[in-house]
A.B. asks: 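This is the structure I want to talk about, given as structure tokens.
Within every chain, numbering begins at 1; the chains are lettered A, B, ... in the order of the sequence lines, protein sequences first and strands thereafter.
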2 protein chains.
Amino acid sequence: MKDGPDIARIASLIGEPARANILAALMAGRALTARECAAEACVAASTASAHLNQLVEARLLVVEVQGRHRYYRIAGADVAEAVEALMGLAARIGSTRSRPGPRDPAMRKARYCYDHLAGEVATALHAKLIADGLLVAAADGLAVSATGRARFVAQGIDLAELEARPRPLCRSCLDWSERRPHLAGSLGAAIAQLAVKRGWCRREAGTRAVTFAPGGAKALLALADGTSAAAGPKSARG
Amino acid sequence: MKDGPDIARIASLIGEPARANILAALMAGRALTARECAAEACVAASTASAHLNQLVEARLLVVEVQGRHRYYRIAGADVAEAVEALMGLAARIGSTRSRPGPRDPAMRKARYCYDHLAGEVATALHAKLIADGLLVAAADGLAVSATGRARFVAQGIDLAELEARPRPLCRSCLDWSERRPHLAGSLGAAIAQLAVKRGWCRREAGTRAVTFAPGGAKALLALADGTSAAAGPKSARG
DNA sequence: GCGATGGTTCGATGCGCACCGAAGCATTTC
DNA sequence: GAAATGCTTCGGTGCGCATCGAACCATCGC
């Protein structure tokens with residue numbers, strides 16, 4: 001008796017090294033061209049093309065054509081969740097790279113997980129949002145309290161607009177490096193955007209790792225207790 | 001730049017059909033002999049032996065030798081989590097079996113997910129435990145409230161003993177069929193055992209699907225509001 | 001319009017690995 | 001002790017699929 005959905009196909013698609021590298025690179029949440037994907041996978045353009053076709057056909061990736069450029073990105077949060085779960089498992093059983101890259105500590109500190117923040121800073125924020133009563137348990141996992149609602153709106157996050165979309169507002173995403181949840185969902189994504197917009201942190205090219213400005217992590221955490229100024233340390237209103 | 005743990009190896013192990021079938025069968029939380037694993041995978045004993053060795057070496061499975069029998073089981077909750085995440089993704093993108101088995105509705109209703117309950121009944125319980133204040137949000141995801149503590153203890157669940165172990169007490173596990181969380185962790189496992197012990201539900205051979213006795217689901221849900229009698233519908237105190 | 005660039009398709013190649021039956025080892029049963 | 005049973009190891013086989021360069025198509029820039 002073979003119970004449940006057939007995981008073999010999905011896992012075998014993810015389990016090929018070139019495709020795994022493409023997916024990992026796309027976990028930064030940005031779209032990459034076919035050429036960039038080929039570089040991430042260290043294969044010829046023709047090989048990447050075949051791999052990308054498979055991933056698109058399997059609905060793990062979506063492609064957007066702009067002239068002669070094709071931009072690929074992860075199809076949705078559920079794909080990211082599965083990849084993150086596999087990363088957690090791989091990290092725990094020791095399937096790490098033979099030679100840890102220089103950015104591993106940076107990845108653990110803070111990184112993009114698809115479209116929201118992950119790592120030490122993000123899990124600390126998640127914990128604080130709960131401890132300070134902005135997020136509460138709900139049937140779907142987590143919900144924003146009235147206190148939280150006021151706080152997020154005051155920071156310029158349009159909750160009503162987020163809620164109007166089919167995507168869940170709050171979702172716990174088990175962090176592979178911290179082994180506890182960070183905040184995903186549309187709210188998690190909005191907070192990540194806010195942090196970048198405020199200049200608390202910035203993204204770097206070619207990696208998921210995120211760099212926090214001096215005082216940036218503190219400012220992000222201050223979201224929870226309401227001491228976060230609407231203007232960031234650099235008054236980056238643009 | 002190749003960021004994060006290397007998921008290719010894990011995924012490729014899971015992505016081979018025979019191994020995927022073995023893992024799926026073991027998600028019922030029971031140990032299977034090598035012979036039984038071979039039957040689940042529909043391969044020769046020698047082929048299964050090679051596959052099982054790979055899974056054990058990769059620490060996805062553990063094996064216990066009893067005389068001439070070798071019992072294999074899933075190595076831990078993190079493996080189950082990754083498999084469940086892949087199942088969720090596979091279910092959503094349509095990689096279901098060509099011919100849905102007769103037990104698919106039963107699987108959706110209630111099934112074992114490793115060592116705790118999943119499906120409609122389990123997610124309803126999770127929601128009710130939260131709505132009734134027995135579970136609350138915490139930094140690690142979920143925690144038992146004082147009210148919940150008293151309730152579970154009254155039902156014979158030794159929380160102190162569970163907490164003395166390294167395994168998390170409460171963990172949200174995103175249910176592949178319901179798309180919202182059911183309760184995992186050592187508490188989730190204890191509740192599953194309680195339900196079986198009380199005769200509210202029973203496990204069936206050869207499948208993860210769980211069958212609830214008449215009134216059994218209601219009794220399980222009544223855990224949350226304290227109307228669940230210490231004796232089940234069949235006074236199954238054994 | 002031409003050359004450069006991005007990307008796809010095609011065809012040939014070769015490697016990896018799942019497969020099986022046979023043989024062998026270990027344990028159990030009578 | 002012999003036969004049955006569970007399981008592993010071995011060796012040969014063949015299929016699947018990732019790979020690349022060449023050819024081709026589409027778009028962009030001058």
A.B. asks: Less than 4.0 angstrom from a charged side-chain N to a carboxylate O is my criterion; do B:Arg165 and B:Glu161 meet it?
C.D. replies: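 Counted as a salt bridge, because a side-chain N and a carboxylate O are separated by less than 4.0 Å.
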A.B. asks: Write down the distance between NE2 (B:His69) and P (D:dA4), rounded to a whole number of angstrom.
C.D. replies: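 From B:His69 NE2 to D:dA4 P: 17 Å.
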A.B. asks: Round to the nearest Å and state the distance from B:Ile22 atom CD1 to C:dC19 atom C1'.
C.D. replies: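 Between C1' of C:dC19 and CD1 of B:Ile22: 14 Å.
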A.B. asks: For the side chain of A:Val43, starting at C-beta, report the closest nucleotide among D:dC20, D:dT8, C:dG7.
C.D. replies: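 Per side-chain heavy atoms of A:Val43, the pick is D:dC20.
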A.B. asks: If you pin A:Ala18 and A:Arg68 to their nearest nucleotides in DNA chain D, which one's is more 5'?
C.D. replies: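 Its nearest nucleotide lies further toward 5', so the answer is A:Ala18.
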A.B. asks: Looking at C:dG21, does its base get a donor-acceptor pair with the side chain of B:Ser46 below 3.5 Å?
C.D. replies: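 Between C:dG21 and B:Ser46, which were checked side chain against base, a qualifying N/O pair under 3.5 Å is present.
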A.B. asks: Measure the shortest side-chain to side-chain distance between A:Phe152 and A:Leu194 over non-hydrogen atoms and say whether it is less than 4.5 angstrom.
C.D. replies: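 Of all side-chain heavy-atom pairs linking A:Leu194 with A:Phe152, none is under 4.5 Å.
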A.B. asks: Check the distance between D:dC17's P and A:Arg9's CZ and give it to me in whole angstrom.
C.D. replies: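 After rounding, the reported distance stands at 11 Å.
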A.B. asks: From C:dG7, D:dT8, D:dA18, pick the nucleotide closest to the side chain of B:Arg70?
C.D. replies: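 Nearest to the side chain of B:Arg70 among the choices is D:dT8.
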A.B. asks: From the options A:Arg108, A:Arg111, A:Lys109, select the one residue that forms a side-chain hydrogen bond (donor to acceptor under 3.5 Å, both in side chains) with A:Ser177.
C.D. replies: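 The side-chain hydrogen bond (donor to acceptor under 3.5 Å, both in side chains) with A:Ser177 is passed solely by A:Arg111 among A:Arg108, A:Arg111, A:Lys109.
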A.B. asks: Contact class for A:Tyr71 (heavy atom, under 4.0 Å): base, sugar-phosphate, or nothing?
C.D. replies: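 Since no nucleic acid heavy atom lies under 4.0 Å of A:Tyr71, the category is nothing.
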A.B. asks: Salt bridge check: are A:Arg9 and B:Glu16 linked by an N-O gap of less than 4.0 Å?
C.D. replies: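 Looking at B:Glu16 together with A:Arg9, the answer is no, because their closest N to O distance does not fall below 4.0 Å.
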A.B. asks: Measure the distance from CD on B:Gln66 to C1' on C:dA26 and round it to the nearest whole Å.
C.D. replies: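 Going from CD in B:Gln66 over to C1' in C:dA26 covers 15 Å.
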A.B. asks: With respect to the phosphate group of C:dC19, does any side-chain polar atom (N or O) of B:His51 fall under 4.0 Å of OP1 or OP2?
C.D. replies: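 Looking at the OP1 and OP2 atoms of C:dC19, one of them is under 4.0 Å from a side-chain N or O of B:His51.
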A.B. asks: Counting heavy atoms from C-beta on, name the nucleotide in C:dT8, C:dG6, C:dC20 closest to the side chain of A:Ser49.
C.D. replies: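 Closest nucleotide among those given: C:dT8.
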A.B. asks: Name the nucleic acid region contacted by B:Ala45, choosing base, sugar-phosphate or nothing; use a 4.0 angstrom heavy-atom cut-off, strictly under.
C.D. replies: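 Base contact.
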A.B. asks: For A:Gln54, answer base if it contacts any base atom (sugar-phosphate contacts may also be present), sugar-phosphate if it contacts only those atoms, and nothing otherwise; contact means non-hydrogen atoms under 4.0 Å.
C.D. replies: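 A:Gln54: backbone/sugar contact only, no base atoms under 4.0 Å.
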A.B. asks: Nearest whole Å is fine: how far is C:dG16 P from A:Glu16 CD?
C.D. replies: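 In whole Å, C:dG16 P lies 13 Å from A:Glu16 CD.
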